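Before any comments, here is the structure.
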Amino acid sequence: MEHARIHKPAPTQPPPHLLDYEATVAQFSWVQAAALLDGLPGGAGLNMAYEAVDRHVKHGRGHRTAIRWLGKNGERQSLSYTELARASNQFANALEGLGVLPGERVFVLMGRLPELYVAVLGALKARCVVSPLFSAFGPEPIVTRAEMGDARVLVTTPELYQRKVRDLRERLPGLKHVIVVGAVPADEPGVHPWGALVSAASTRYTMAPTDPESTALLHFTSGTTGRPKGVEHAHAAVLAHAVTGRYALDLHDGDVFWCTADPGWVTGTSYGILAPLVCGVTNVVVEAEFDAQTWYGVLQSERVTVWYTAPTAIRMMMKLGADALKGVDLSALRFMASVGEPLNPEAVVWGLEAFGLPFHDNWWQTETGGIMVSNYAAMDIKPGSMGKPLPGITAAVVRRLADGCLELIDAPDVDGELALKTPWPSMMRAYLHEDERYRKCFVDGWYLTGDLAHRDADGYYWFVGRADDVIKSSGHLIGPFEVESALMEHPAVAEAGVIGLPDPMAGEVVKAFVALKPGYEAGEPLRRELLGHARKRLGAAVAPKQIDFRDNLPKTRSGKIMRRLLKARELGLPEGDLSTLESDEKKGGST
Ligand code: AMP
């Protein structure tokens, strides 16, 4: 199949780290790449926070700006690497002062405030496991995750604590300390003000030996069934952050980098905190939510050189048109990348028209811990393709056979499941409390990603779709089961089935089908009530945007709702294999 190409001009200044893809792949070894990092002094292991912050201080780069924070009301704050080292030391000391032990879990729930960055790095120094939560989640997803992860500490704001956690706190008996950035709500035992706690702590902290294989991060992601999956990453993952920061994002000394993702999602942690700091660049943090004009203002005023964003935002900017960029000084911008959902070919090309640069799509997921497939700065882009595997990563398109083995598909342009050869430093080490689920992801030495893809004759990978029912809406991965469970909590709901519908802006939107219990009347008032109920429980990012009533939902004989069939019927697509469909299932029945 012939695809359009965007040919790369001769290398610009600074020349890309990855100039010759084939040669780099041939030479690369993770063992040699480890020279990018120091390890803890005295051979005491490897700690993400040390590599991200203190290493730069040790090498005389402490004066450089680590974080440049832009508040939503126009405030600004800069933290040098030295200041960030001291502030995170204080937080590590504060945790120890509270008696928090290595391995215990510190959850962070807040908007993009400077304290979030300090808390993550300080908790890593104290060898706690950091679990970031998305602050736009509703109470249910937040408390479910904190409960699953047995949160010992929660770092949050008074407002988020009050609105999202307090009423459900009895579900978190292990939560001993809530550290709030702001005024402490009165009469709350175990609630500490950030300011007093941290300012009383020493700015010096000696990191204890850290096993590179010990757990550093716990990220929750969604599956098709059951509760969210808690994905565990080891301190060793920091090597993948260093390598991808150089090769996939082409970060150089002196760069001003901006990742627009929220740290509540894996991109916002791996690339909104760790990779830029490990690479020693200035990390721009913007507290405000998306607004095209604000974003253009940030690109200009901060002289952003490398920008990492997402397709939904790019599509929204496209809608506004390239004219909105007239007069914006983008002379500093050198490289633009995108992740999280399929990036339409038109969006890549639009980048050229509007910014004078193409967007470089890359692919990865919570489980991979870092970018795995990417379009590189010096490589031609085929718009619509995710690019080629990172040096050090072997990818393949595979088919699962009936005997449980894998068949590697060698032929180009044939769809199959995207698989990655194990291991690599940022590969997930476990699904929290779910060994069996974890084991099932690996076959014959390959990690199966759950994504469908094909590879073309030139070795570029193309995303085809998900192999499961998980929904991607505005870049957020949403588990249908979590949404169905929240709907089922409403007294009127007998059954719920949730699917993603294609949407030109958000990629997919969440749609629910609901069958009611006897005595309840389907109609606009109840639809509105259910939409409101789901929004309150789950938060706007996760709640369904549409609800339809059905007399009953299609189920397998074992009683599982056939979401695929709901989707096929909704979109007028072929219904596929119906052999497992419950025989008395009545078709249609929309109310
Ligand atoms: P998450 O674990 O939330 O980061 O979501 C990972 C999933 O997002 C992947 O398994 C893909 O389904 C999707 N995804 C991520 N990046 C891309 C991309 N560049 N193109 C298409 N889908 C993507």
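In listed order, ligands and their atoms are each counted from 1. Worth saying up front: this structure is predicted, and the values here are computed from it rather than measured.
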Check: R315 and W350 side chains under 4.5 Å, non-hydrogen atoms: no
Protein heavy-atom partner closest to atom 1 (P) of ligand 1 - residue, atom, separation in Å: T366 OG1, 3.5 Å
Ligand-residue contact atoms, ligand 1 with W364, heavy atoms, under 4.0 Å: 6 (C), 9 (C), 15 (C), 16 (N)
Geometric class of the F442/Y447 ring pair [parallel <30°, tilted 30-60°, perpendicular >60°]: tilted
Shortest protein heavy-atom distance from atom 21 (C) of ligand 1, along with the residue and atom involved: P342 N, 3.2 Å
Salt bridge (Lys or Arg N to Asp or Glu O under 4.0 Å) contacts in which one or both residues fall within residues 133-146, not counting sequence neighbours: E140-R171, R145-E482
Close side-chain approach of V278 and L36, heavy atoms under 4.5 Å: no
Side chain to side chain contact (heavy atoms under 4.5 Å, CB included) partners of V397, counting only residues at least two apart: I409, R455, Y461
From H476, K472, Q365, R466 - option closest to atom 8 (O) of ligand 1 by heavy atom: K472
Distance filter under 4.0 Å to N362 heavy atoms, resulting ligand 1 atoms: 16 (N), 18 (C), 19 (N)
Heavy atom of the protein closest to atom 14 (N) of ligand 1 (residue, atom name, distance): G340 O, 3.3 Å
N/O separation below 3.5 Å, D451 to ligand 1: yes
Any T449 heavy atom less than 4.0 Å to ligand 1: no
Any donor-acceptor N/O pair, H17 side chain to D250 backbone, under 3.5 Å: no
Flag side-chain contact, heavy atom, 4.5 Å: V483 against I471: no
Min heavy-atom dist L343 to ligand 1 below 4.0 Å: no
Protein residue, atom and distance nearest to atom 18 (C) of ligand 1, heavy-atom basis: E341 O, 3.5 Å
